[in-house]
Amino acid sequence: MYSSVFGGIILHPAMMVIPIDDHMVHRGHGVFDTAVILDGYIYELDAHLDRFLRSASKARITLPFPRSTLRSILVQLTAASQCKEGTLRYWLSAGPGNFLLSPAKCPTSAFYAVVIADVVSQCKNGVKVITSTIPMKAPLFATMKNVNYLPNVLSIMEAEDKGAYASIWVDDDGFIAEGPNVNVAFITNDKELILPSFDNILSGCTAKRLLELAPKLVKQGRLKSVKTANLTVMEAKGAAEMMYIGSTLPILPIIMWDEHPIGDGKVGDLTMALSDLLWHDMVAGPNTHRICVPY
């Protein structure tokens with residue numbers, strides 16, 4: 001763990017703590033992001049870090065260090081952990097100081113980061129999902145990756161109660177939004193890859209990378225087109241294939257929604273082709289997207 005409160009990297013688990021008076025703890029005034037570590041490389045760190053800073057700006061949290069320093073800390077932390085596979089998770093809070101609603105008396109913002117060893121692999125089995133009844137976040141908060149994840153938690157608990165993996169949010173206009181902590185994508189019967197527009201939901205780094213890679217399948221003639229657009233529930237449930245997209249997945253096939261099969265109810269070939277594209281990018285992609293950790 002790294003903690004700017006302690007001023008360095010912490011190796012002893014007993015010291016991996018956050019002060020109770022941190023504004024992120026008692027007021028939820030903080031933002032976060034996550035990147036995957038695979039084969040000794042950090043995948044899409046710069047894209048995640050850019051989103052992290054956008055979230056911080058929306059949350060009106062000033063940086064304790066320049067972007068370059070934050071990036072250096074994350075790379076050094078990963079090296080110190082000796083972890084070659086897992087996740088790198090980091091938070092920026094308004095900082096400790098008192099228990100008031102306003103952060104005005106918090107002396108400085110705080111930066112925390114943790115490396116977690118975990119198995120990272122492709123998801124090849126399909127899952128079931130439901131339509132969430134938990135109200136989704138307003139656009140300001142949905143497009144900011146902040147620590148106020150109570151709607152997300154309740155949404156996935158609702159899904160688990162019904163024997164599903166997770167859920168799908170539908171916005172007030174009846175358009176597909178996102179999952180609790182993932183983007184969602186569809187392949188139509190005309191072989192179009194469609195992701196819901198990012199206007200009112202979190203712009204997923206992995207989803208954006210998929211939009212950059214998927215045209216390769218268009219060139220091969222396997223996909224007709226790749227785009228973002230508004231999709232109604234009826235259009236989405238009529239898709240041939242459906243999937244979640246997220247940093248740690250990177251693609252998870254969805255084969256049933258509200259007890260109705262998607263397509264033929266089996267994991268689709270194009271879903272797995274897209275998964276292969278992302279996986280290859282994670283293990284052998286360009287250095288612009290993979291940061292080699294100096295262990």
Side-chain angles (χ1 to χ4, degrees), residues 1-7 16-36 42 44-74 77 87-116 134-156 169 171-172 177-183 196-208 246-248:
M1 177 181 179
Y2 171 85
S3 168
S4 64
V5 174
F6 288 145
M16 297 180 185
V17 295
I18 297 177
I20 191 68
D21 64 339
D22 191 297
H23 223 238
M24 181 168 69
V25 175
H26 62 88
R27 300 297 175 183
H29 193 184
V31 299
F32 75 103
D33 221 300
T34 302
V36 166
I42 307 174
E44 286 281 83
L45 176 60
D46 288 306
H48 283 277
L49 196 52
D50 287 343
R51 183 176 64 180
F52 182 66
L53 299 189
R54 291 196 300 271
S55 296
S57 178
K58 288 183 178 182
R60 297 183 61 182
I61 302 174
T62 58
L63 301 180
F65 316 111
R67 181 191 186 281
S68 59
T69 302
L70 295 177
R71 187 181 189 276
S72 177
I73 288 170
L74 293 174
L77 172 65
T87 56
L88 171 61
R89 301 172 184 266
Y90 42 100
W91 296 260
L92 181 67
S93 85
N98 55 45
F99 291 93
L100 301 180
L101 183 61
S102 169
K105 297 297 179 65
C106 296
T108 184
S109 58
F111 181 59
Y112 307 102
V114 176
V115 173
I116 305 168
I134 305 299
M136 62 181 292
K137 298 175 185 177
L140 173 64
F141 301 108
T143 57
M144 176 202 317
K145 198 167 177 66
N146 62 85
V147 299
N148 292 296
Y149 258 45
L150 184 55
N152 310 62
V153 170
L154 293 177
S155 179
I156 202 161
W169 265 315
D171 69 19
D172 292 339
E178 59 185 341
N181 64 339
V182 285
N183 290 105
S197 170
F198 298 126
D199 292 342
N200 298 319
I201 61 174
L202 190 68
S203 58
C205 296
T206 308
K208 286 187 169 182
S247 297
T248 58

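All values below were derived from every heavy atom in this structure, side-chain atoms included, with hydrogens, water molecules and symmetry-related copies excluded.
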Pairing residues for Phe141 by the ring pair (Phe, Tyr, Trp, His ring centres under 6.0 Å) criterion, not counting sequence neighbours:
none
Could you work out, with ring pair (Phe, Tyr, Trp, His ring centres under 6.0 Å) as the rule, every residue matching His23, not counting sequence neighbours?
His26, His29
Which atom pair, heavy atoms only, marks the closest approach of [X] to [Y]?
{"X": "Ser93", "Y": "Ile61", "answer": "O-CG2, 3.5 Å"}
{"X": "Asn200", "Y": "Met136", "answer": "O-CE, 4.4 Å"}
{"X": "Tyr2", "Y": "Gly7", "answer": "CE1-C, 4.4 Å"}
{"X": "Ser155", "Y": "Trp169", "answer": "CB-CZ2, 3.8 Å"}
{"X": "Val182", "Y": "Gly246", "answer": "CG1-CA, 4.1 Å"}
{"X": "Gly28", "Y": "Val147", "answer": "O-CG2, 3.3 Å"}

List in chain and number order the residues that pass side-chain hydrogen bond (donor to acceptor under 3.5 Å, both in side chains) with [X], two or more places apart in sequence or in another chain; answer none if no residue qualifies.
{"X": "Glu44", "answer": "His289"}
{"X": "Asn146", "answer": "Asn148"}
{"X": "Asn152", "answer": "Lys137"}
{"X": "Ser72", "answer": "Gln76"}

Close side-chain approach of [X] to [Y], heavy-atom, < 4.5 Å:
{"X": "Asn181", "Y": "Tyr149", "answer": "yes"}
{"X": "Leu88", "Y": "Leu74", "answer": "yes"}
{"X": "Ile18", "Y": "Pro96", "answer": "no"}
{"X": "Leu49", "Y": "Asp33", "answer": "no"}

Just verifying a value: how many Å separate [X] [atom1] and [Y] [atom2], rounded to the nearest 0.5 Å?
{"X": "Leu92", "Y": "Ser4", "atom1": "CG", "atom2": "OG", "value": "8.0 Å"}
{"X": "Leu77", "Y": "Ile42", "atom1": "CG", "atom2": "CD1", "value": "8.5 Å"}
{"X": "Phe6", "Y": "Met1", "atom1": "CZ", "atom2": "CE", "value": "7.5 Å"}

Looking at residues at least two apart in the chain, or sitting in another chain, which of them share a salt bridge (charged side-chain N to carboxylate O under 4.0 Å, His left out) with Asp46?
Arg67, Arg71
Test of understanding: with side-chain contact (heavy atoms from CB on, under 4.5 Å), list the residues that count as partners of Leu101, not counting sequence neighbours.
Arg27
With sequence neighbours excluded, residues passing side-chain contact (heavy atoms from CB on, under 4.5 Å) with Ser247
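So Ser247 forms a side-chain contact (heavy atoms from CB on, under 4.5 Å) with Val36, His48, Thr206.
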Checking Thr87 side chain against Arg89 main chain: does a donor-acceptor pair fall under 3.5 Å?
no
Using a 3.5 Å distance criterion without hydrogens, assess whether the side chain of Asn183 forms a donor-acceptor pair with backbone atoms of Ala207.
no
Kindly list each side-chain donor-acceptor pair under 3.5 angstrom involving residues 104-115, sequence neighbours excluded, with atom names and distances?
| residue | atom | partner | partner atom | Å |
| --- | --- | --- | --- | --- |
| Ser109 | OG | Thr62 | O | 2.7 |
| Tyr112 | OH | Asp22 | OD2 | 2.5 |

Check against side chain to side chain contact (heavy atoms under 4.5 Å, CB included), Phe198 and Lys208:
CA-CA 10 Å; Phe198 298 126; Lys208 286 187 169 182; 4.0 Å; yes
List the atom pairs, with distances to 0.1 Å, where a side-chain N or O of residues 52-60 and a protein N or O form a donor-acceptor pair under 3.5 Å, not counting sequence neighbours.
| residue | atom | partner | partner atom | Å |
| --- | --- | --- | --- | --- |
| Ser55 | OG | Arg51 | O | 3.1 |
| Ser55 | OG | Lys145 | N | 3.0 |
| Lys58 | NZ | Thr143 | OG1 | 2.9 |

